[in-house]
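All chains are named by letter (A, B, ...) in the order of the sequence lines, taking the proteins before the strands, and each is independently numbered beginning at 1.
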Amino acid sequence: MNSSPARQSAHPGEAAGSLRAGVRLDDILPAAIHDAKNSLGVVLSRLDEVSGHCPGGDPRLPALLDARYEIQRINANLVRMLTLHKFHQQGYGLDISLHAVADLLHETVLTHKAVIDGRGIAVEVVCADDLHWYFDYNLLLGVLGNALNNAIRYTHSRVRLSAQAGAEAVAILAEDDGPGFPESMLAHPAVTRAPHAEHGFISGNTGLGLYFSELVAQMHRNRERCGHISLQNAGSLGGGCFGIHLP
Amino acid sequence: MNLATPANAMPDSLKGLQILVVDDMQHMRASMRHMLRDLGSDDVDAAADGDEAIRMIAAKPYDVVLCDYNLGDGKDGQQVLEEARHRKALPVASAFVMVTAESHMPMVLGALEYQPDEYLVKPFVKGVLHQRLSRAVQRKRQLRPLGAALADGDNGRALALCDSLSQTDPKQAHELLRIKGELCLAIGDLDRAAAQFEKALAIRDFAWARFGLGRVRLQQGQFLEAQMIFEELLAGNRHYLEVYDWLARAHEAQDQAAAAQKALQAAVALSPKSVRRQRHLGEIALKNADAEAAALAFRSAIEQGRNSCFGSTSEYVQLAEVLIEQGSPAKALAVMRDGRKTFAGKPLEEVQLAAVQATAYHRQGSAAEARRALDEALAIRAGHADELPPAAVTSLARGCLALDKRDAGLDLLRTAVRNGHDDPEVLARAQALFKEFGAEQEGATMIEEARLEMVKLNNLGVELARTNRMAEAVAQFIKAADGLPFNRAVNLNAAKILLTHMRQNGRDGKYMFRLRQYIERARPEGAPSADYENVLKAYREFVAR
């Protein structure tokens, strides 16, 4: 596998150029994605209605929750594609404002609550209520949603979302007690990797989530510093530890 | 609404909140209703499109409007918000939550009242909906006094409130910084506005703060610096539509009409929906003698105006004038027929449209129709002489001049010139007509007389006030302001005299109504005026005494 596809995708201009080779693909793509997202939204709310009527120990519940989990993943991927598409078109204006970090973490958990409860995972949020930071709230929701989603997938039983402010940056971590990330992933920063099926660190994952997370981190700038992500093993729960660090 | 809830408590349930859901898709509306009901909400209405939403918002004081951005062919969610706020239909403490399909929307950088309280990305679970709605409602309640001051247009009180509120929580303090910057800009306190925006920029490179600073620089006359700020913002994100409007203004200020036209054309290519932007583009294209572009822009303004509260006769009239100029009076007449239908039953609009019809018929050689249209315009005007704005008066004057009613036409122009002696648009329009109908000498005299009249009036006011003959000054200025209802300077001076008089002699019921009216008439249309703001502030202090 040569490395050139990876480099191409890492440069917004080139990727946009290849998109424009298609006839008005720039218009068709977002419209099609929006349409698909609307359908997913309906499926999701229908599923919730059904699972809401299922009694707690219902044997059909796990299947419903698995379906829900996968739909949320598809949706998250579509949102990322839309965002990346905008970014490639040089049209992305960050909506940076001051937010309570705890709000962000709790909302991320709420979004995945059905699956978390259904699988009996213990999720804890560790964050001071008065910790405020400057970031694009909806973009960070996308990043943390991806991180939590992965943690849910690989954890044995526990997941922790936490945030801590340093002197010049806030670090937001998603940790689990699973087997951790494979060595090959820890070695390379995400952006220089292609979001490509063969690079997927786990089958079924294209790496789009990490690529997106890295881009979002880098879009958050303060003075000369810009954000980054980190991947580590043996976090506080013993498994994988994803971090996003925002200046 | 549960008024017993303390202002800073997060409501546990949505019970008691009046909520409007706006979505063009039936199953989405049903799904939202379902979720809201599960969250304890017992008062949920739904609208399927923007127009229905506006009607419902006008009829019921909703606490929350949950509106999808994408509403199909009609208005989008942003237009619903703008129209609801513009019409003052949405209560100040109401929260407007924009539901979007992606994590990024065309952002509103300037006008605070046109900013949604939350952007909620679809799909979302019940818990998230609850958290966001509660948060938005809570924040709106905390800022209710500020919202009320803003809705009253009382910028001074709003600024004072910003200072007293900003100690509470950091998130709010951050938002108040922005509100303060915008308020200072609105009252024309440019130095203070710049200080607010610079304070924000010292924290982070906020696009809204750079946009604010650019507008300050433009109003300070630093056109090139303003232009560069706007260009840099657009280089970062070409979807900041409002920035194009201001970039165009920066170019206009430097007499670069071609560049201004280009900036606005770039904006309408991204989104054609803004009536005001299309109209502005048409007017700039006219300055560039680009009749094709002007006609296109005015036509677009008319089309978009059908979906908007910002439509006006101005785009109809200007399009018709372009078409007449191009030798197509029949096309102009078609536009006017459309306009007459759109503005039927609104006499001030009808006068102007009928007058333009007269001119178009005349150019077509249909003398009888021309005369009939002009007579109609004059007849409607007779009932509303004092209410007709100078732009409509000049249209009527043009009709009279074209149809050889020279004296009537010149009389009308005198009225327009006296009312708009300090309004360059009105003067330019009048001068063009004087030239077209060979009355340049009379026109020049008229304009000079109007100017002298104002100077004389002003000096008289100063003299009477100085020598303490306030009753006489009051009488003079009431006469002047009532005779020139559209003259902002005269009305502002009349307001000042009435205020001074009542401060010395006590409140007088018969002057209070006039005072309010004069201040309303003196309200500047474009750039804010510190002089006007001072009178407004003095009036509010007087009333509060």
Side-chain donor-acceptor contact under 3.5 Å, B/Lys171 with A/His132: no

Measure B/Leu129 against the heavy atoms of chain A and call it side chain, backbone, both or neither at under 4.5 Å. neither

Find the one option among B/Met28, B/His34, B/Met35, B/Glu175 whose heavy-atom pairs under 4.5 Å with chain A are most numerous. B/His34

Evaluate the side-chain proximity of B/Pro123 to A/Lys37: yes if any heavy-atom separation is below 4.5 Å, no if none is. yes

Determine whether A/Tyr134 and B/Ile203 make a side-chain contact, defined as any pair of heavy atoms from C-beta on separated by less than 4.5 Å. yes

If you count the non-hydrogen atoms of other residues, nucleotides and ligands that lie under 6.0 Å from CD in A/Glu124, is the total more than 12? yes

Which value, rounded to the nearest 0.5 Å, describes the distance between A/Leu98 atom CG and B/Gln172 atom CD? 11.5 Å

Can you list everything that forms a side-chain contact (heavy atoms from CB on, under 4.5 Å) with B/Asp68? Sequence neighbours excluded, please. B/Asp23, B/Asn70, B/Leu71, B/Val99, B/Lys122

Would you say A/Asp48's side chain and B/Val125's backbone share a donor-acceptor pair under 3.5 angstrom? no

Give, for atom OH of A/Tyr137 and atom CD of B/Glu118, the distance between the pair rounded to the nearest 0.5 Å. 7.5 Å

Contacts under 3.5 angstrom, residues 220-228 of chain A side chains, donor-acceptor by atom type, not counting sequence neighbours:
| from | atom 1 | to | atom 2 | distance (Å) |
| --- | --- | --- | --- | --- |
| A/His220 | ND1 | A/Val216 | O | 2.8 |
| A/His220 | NE2 | A/Asp136 | N | 3.1 |
| A/Arg223 | NH2 | B/Ala202 | O | 2.2 |

CE/B/Met25: more than 12 non-hydrogen atoms of other groups inside 6.0 Å: yes

